[in-house]
2 protein chains.
Amino acid sequence: MSATASTMAATCCASLTEAPLAEADAVALAHTYAAVADPVRLRLLSLIAAAGELCSCDLMGPLGKSQPTVSHHTKILSDAGLIAGDKRGRWVHWRVEPAQAAFVQQILGT
Amino acid sequence: MSATASTMAATCCASLTEAPLAEADAVALAHTYAAVADPVRLRLLSLIAAAGELCSCDLMGPLGKSQPTVSHHTKILSDAGLIAGDKRGRWVHWRVEPAQAAFVQQILGT
DNA sequence: CTCTTGCATCGACACCTGTCAATCTAATCG
DNA sequence: CGATTAGATTGACAGGTGTCGATGCAAGAG
């Protein structure tokens, strides 16, 4: 998984030419925040966090988005390591990635 | 706009049709996170937070970006309320918005 | 005053992103 | 088996975003 808020830059003595936040870490952090920089994904996260577990079919309605669009967003959140889906039978059950639960709650302002 | 207070008031118990996070709030949150979803802006924030106060001219070098680009990013962070610049003489001195200091530290993972 | 300088704005460009219709895949049901 | 269904993938399109060069503008420097 990529560097999230928990993985910090441990740069000791950076001159003014270098930011305390290294370029690579900045890219990783930006990638994580980009994942939650979308209203649909925030509400999607909120729905999953509140319900504990939801399948994609239960997301289309509340979000008011088409199936491909929901799939697109779940993939982005999944790639960011914020949610994880396990396929049971015909449905994919999405849940908040336990390791990122605190981060997600923080993000949602809870 | 979209369905907000009017449609929400109709139903008593927000079923799955409504997210715990309202549409308007989601948009606002997303806008804030979008402001920090860029490597350049994260390092810019990092530089200002570390130095306490910096002028735009001191940012171009470390960031490796042109003057218009730096101005572009400072404006976005400023609009998001994360930094504030006061013009003293010929320079604009940027500092982290005091009210958002904790949030910024959180964002930078400090 | 004129010249210089720090910064904002504009215009243009390439790239990324959110969205949906159509299609494909895999798993269940009859 | 074929029919159905949940979900992923593809293709296409509109709109957003990061970047820089050129220009504008206000405020010190001379």
Side-chain angles (χ1 to χ4, degrees), chain A residues 2 16 19 21 23 26-45 47-48 51 53-80 82-95, chain B residues 1-2 16 19 23 26-45 47-48 51 53-80 82-95:
Chain A
S2 59
L16 252 187
L21 187 61
E23 172 64 19
V27 170
L29 256 186
H31 195 264
T32 299
Y33 286 119
V36 293
D38 181 279
V40 175
R41 286 196 289 274
L42 284 175
R43 299 187 68 221
L44 200 160
L45 260 184
L47 284 165
I48 295 179
E53 208 174 72
L54 281 178
C55 73
S56 300
C57 55
D58 289 330
L59 291 169
M60 299 170 49
L63 294 178
K65 299 296 174 183
S66 70
Q67 180 268 319
T69 298
V70 169
S71 183
H72 168 70
H73 288 303
T74 51
K75 177 171 175 54
I76 290 181
L77 287 174
S78 175
D79 286 347
L82 299 181
I83 64 176
D86 87 297
K87 186 164 189 173
R88 290 204 299 270
R90 196 148 39 167
W91 298 270
V92 175
H93 292 257
W94 295 102
R95 55 179 169 73
Chain B
M1 255 321 199
S2 58
L16 269 183
E23 171 65 19
V27 171
L29 256 186
H31 194 266
T32 298
Y33 286 118
V36 292
D38 181 279
V40 175
R41 285 196 290 272
L42 284 175
R43 299 186 68 222
L44 200 159
L45 261 183
L47 283 166
I48 294 180
E53 209 174 71
L54 281 179
C55 73
S56 300
C57 55
D58 288 331
L59 291 169
M60 299 170 49
L63 294 178
K65 299 295 174 184
S66 70
Q67 179 268 319
T69 298
V70 169
S71 182
H72 170 70
H73 288 303
T74 51
K75 176 173 176 54
I76 290 181
L77 288 174
S78 175
D79 287 347
L82 299 181
I83 64 176
D86 85 299
K87 186 163 188 174
R88 290 205 299 270
R90 198 150 34 168
W91 297 269
V92 174
H93 293 257
W94 296 101
R95 54 179 169 74

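Below, chains carry the letters A, B, ... as their sequence lines are ordered, and counting in each starts from 1.
Separation of atoms CH2 (W94(B)) and CG (L44(B)) is listed at 9.0 Å; rounding is to 0.5 Å. Put simply, CG on L45(B) and CZ on R43(B) are 12.5 Å apart, with the number rounded to the nearest 0.5 Å. If you take OG1 on T32(A) and CG on L82(A), they are separated by 7.0 Å, rounding to the nearest 0.5 Å. Between the CD1 atom of I48(A) and the CD1 atom of I83(A) there is a distance of 4.5 Å, given to the nearest 0.5 Å.
The shortest heavy-atom contact between E23(A) and P39(B) is OE2-CB, 4.4 Å. Scanning all heavy atoms of the two residues, the minimum distance from G85(A) to V92(A) falls at CA-CG1, 3.9 Å. Contact between R41(B) and A34(B) at its shortest, heavy atoms only, is NH2-O, 3.2 Å.
Not a single donor-acceptor pair under 3.5 Å links the side chain of R95(A) to the backbone N or O of D86(A). Between the T74(B) side chain and the V70(B) main chain, a donor and an acceptor come within less than 3.5 Å of each other.
If you measure from atom CG of L59(A) to atom P of dA8(D), you get 10 Å, rounded to the nearest angstrom.
At a threshold of 4.0 angstrom between heavy atoms, the contacts of S71(B) include nucleobase atoms, whether or not backbone atoms are also involved.
For DNA chain C, the span of nucleotides reached by chain B at under 4.0 Å from its heavy atoms goes, 5' to 3', from dT4(C) to dT9(C).
Comparing M60(B) and S66(A) by the nucleotide of DNA chain C whose heavy atom lies nearest to each, the residue mapping closer to the 5' end is M60(B).
At least one side-chain heavy atom of C55(B) sits under 4.5 Å from a side-chain heavy atom of D58(B). At a threshold of 4.5 Å between non-hydrogen side-chain atoms, the residues L63(A) and L47(A) count as touching.
A heavy-atom distance below 4.0 Å to DNA chain C is reached by these residues of residues 84-93 of chain A, ordered by number: G89(A), R90(A).
For residues 26-38 of chain B, there are no salt bridge (Lys or Arg N to Asp or Glu O under 4.0 Å) pairs, not counting sequence neighbours. Note on residues 59-78 of chain B: pairs passing salt bridge (Lys or Arg N to Asp or Glu O under 4.0 Å), not counting sequence neighbours, are K75(B)-D79(B).
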Sugar-phosphate or base contact per nucleotide [nucleotides 10-18 of chain D; S, B, -; heavy atom under 4.0 Å]: --------S

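Rounded to 10 degrees, the angle separating the terminal axes of the helix from dC1(C)-dG30(D) to dG30(C)-dC1(D) is 20°, with each axis obtained from five end pairs.
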